[in-house]
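Working notes for the structure below.
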Amino acid sequence: MTTQDKIDLFKQNKDEYRATARPRIVAVGRARYLAIDGKGTPASAAFQRAIGALYGMAYTIKMTRKFSGRQDYVVGKLEAVYRAKSKAFTPGQPLPKDLAWTLMIRTPDLVERGELSEAVAALESKGKGEGADEVRLETLDEGQCVQVLHVGPYEDEAPSVAAMLAHAEAEGLRVVGPHHEIYLSDPRRTAPEALRTILRAPVSR
Amino acid sequence: MKPTTLQDYERRLLRVLVFIQEHLDEDLGLERLARLACFSPHHFHRVFSGMVGESLARHVRRLRLERAAVRLKLGDAPVTELAFQAGFGSHEAFTRAFSAMFGRPPRDFRLEHASELRRPSPSGVHFGELDAFRSLEIPMDLNVEIVRLPPRKVAFVRHVGPYDACGAAWEALLPVLGKEGLLGGGAELLGICHDDPEITPPERLRYDACVTIAAKDEPPAGLATQTIPAGEYATATHHGPYSGLGETYAQLLGRWLPRSGRELGTSPCFEIYLNDPEGTDPEDLLTDVFAPLEPRS
């Protein structure tokens, strides 16, 4: 592969991102992400701040690589993993106050930790470093997952989640990892009823 | 020429080109512009022709005539007034120069475009001149809003040529800014489309690939800046591939504007890219387009 050929992890792993309104079981391999943690609902200022920090880092790292002629890649979709300590978190139900999340953008393995600190320094030098130093590299190995495509507003995920969990149960599988969402649409201008989101949960026998 | 000298010449020349686009109504003589670029008038003349591909006088004259063509197409100012705005002393001299450039006199040019705009609707209902009849026009699937924008300072790389070939300008701009940390903190990626592709020849279309920067920030050496003026803009969101942007501008400028009771302002149209064309399917691309409006009189 020459540096002219961009790595596109979404296309290269399209089996992992294949989802329809009918839930299915997929095999998800080890994946590396730029990630940032936080607490609060997706409507909170903390969530929006984290999105800004994550994208700022993603493009600073990518373009710095490009500047020096290193391997280029496509910046991936926004993804998020949700957890809550106080009670079992059921997506689609009223959100618990202590909802914790990790926002993530899938990133090629060749991006090194040093590139993150370099990007933080560049962003801070321009007063754009808010939250940048909280962005880290994280590797997930979810393995077997149940997955469904949800089309519509985020608040209406409950039936899609229920269908996903019912499918896992029918296959004799139980959920063993946190709820994962992959945002295929841009909520800024997409009509809520047209938003496309992949819902995923790791499962096991 | 050494690469750094070339870069320096390009930057100085770009400063002049931006000055010309912002001061088309003023005297744009060789001496004044040469001073702005820190060249002797004689040397500047050669540098300008060599790098722009037409002499300074021809460049200014062409831009003024093209602007007049846009105003004929979209507005209803009398030809005599447009002649004066384009720097011509008489209606006749303007008509001669206009015909030489566009192959027909201003009046015919206006009529052709007017007939396009006032084409009868498929239902056979004809448009009246009264506001009350404007609701009978062909339905427009573009949701237009008027917004007041603050000024935006941008670092940019200029592309001259067909709009769909502007990718190289982005390749030249983004890595340099990214390395400096200028792509974080909600920086916007936008494109300034200076010319109407129905009026300006494809090889002369000017497009600026821009990233917003803070008023206090200066871009790395070799990159120029300009400021998109504050004011009222008509805006709409274009959904889908960039190749369809021309159609959205045509609707905004050709169909919405003439019925809005507003006049097109003098600064260029621009577009803000809301998502990343690398990681987004073309049909999911979102672009906000903006057309400047003259203040209400």
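Here is how names work: the chains are called A, B, and so on, in the same order as the sequence lines, proteins then strands, and each is numbered from 1.
Proximity to chain A is absent for every atom of B:Asp281, based on heavy atoms less than 4.5 angstrom apart. With a threshold of 4.5 angstrom between heavy atoms, A:Tyr59 approaches chain B through its backbone and through its side chain. Contacts of A:Arg196 with chain B are made by side-chain atoms alone, with heavy-atom separations under 4.5 Å and no backbone atom involved. Looking at B:Leu286, only its side chain comes within 4.5 Å of chain A, counting heavy atoms on both sides. Heavy atoms closer than 4.5 Å to chain B are found in both the backbone and the side chain of A:Thr60. Proximity to chain A involves both the backbone and the side chain of B:Asn275, based on heavy atoms less than 4.5 angstrom apart.
Using a 4.5 Å heavy-atom cut-off against chain B, the contacting residues of residues 185-193 of chain A are A:Asp186, A:Arg188, A:Arg189, A:Thr190.
In this structure, the side chains of A:Met63 and B:Leu183 come closer than 4.5 Å at one or more pairs of heavy atoms. B:Glu180 places a side-chain heavy atom less than 4.5 Å from the side chain of A:Lys126. By the 4.5 Å heavy-atom criterion applied to side chains, B:Glu171 and A:Lys66 are counted as neighbours.
By number of non-hydrogen pairs under 4.5 angstrom with chain A, the leading residue of B:Val176, B:Leu274, B:Leu174 is B:Leu274. Taking chain B as the reference chain and counting heavy-atom pairs below 4.5 Å, the highest number among A:Glu130, A:Glu118, A:Lys62, A:Met57 is found for A:Lys62.
More than 12 heavy atoms of other residues, nucleotides or ligands lie within 6.0 Å of CD in B:Glu294, so this atom counts as buried by the packing criterion. Other residues, nucleotides and ligands place more than 12 heavy atoms under 6.0 Å from the CD atom of B:Glu203.
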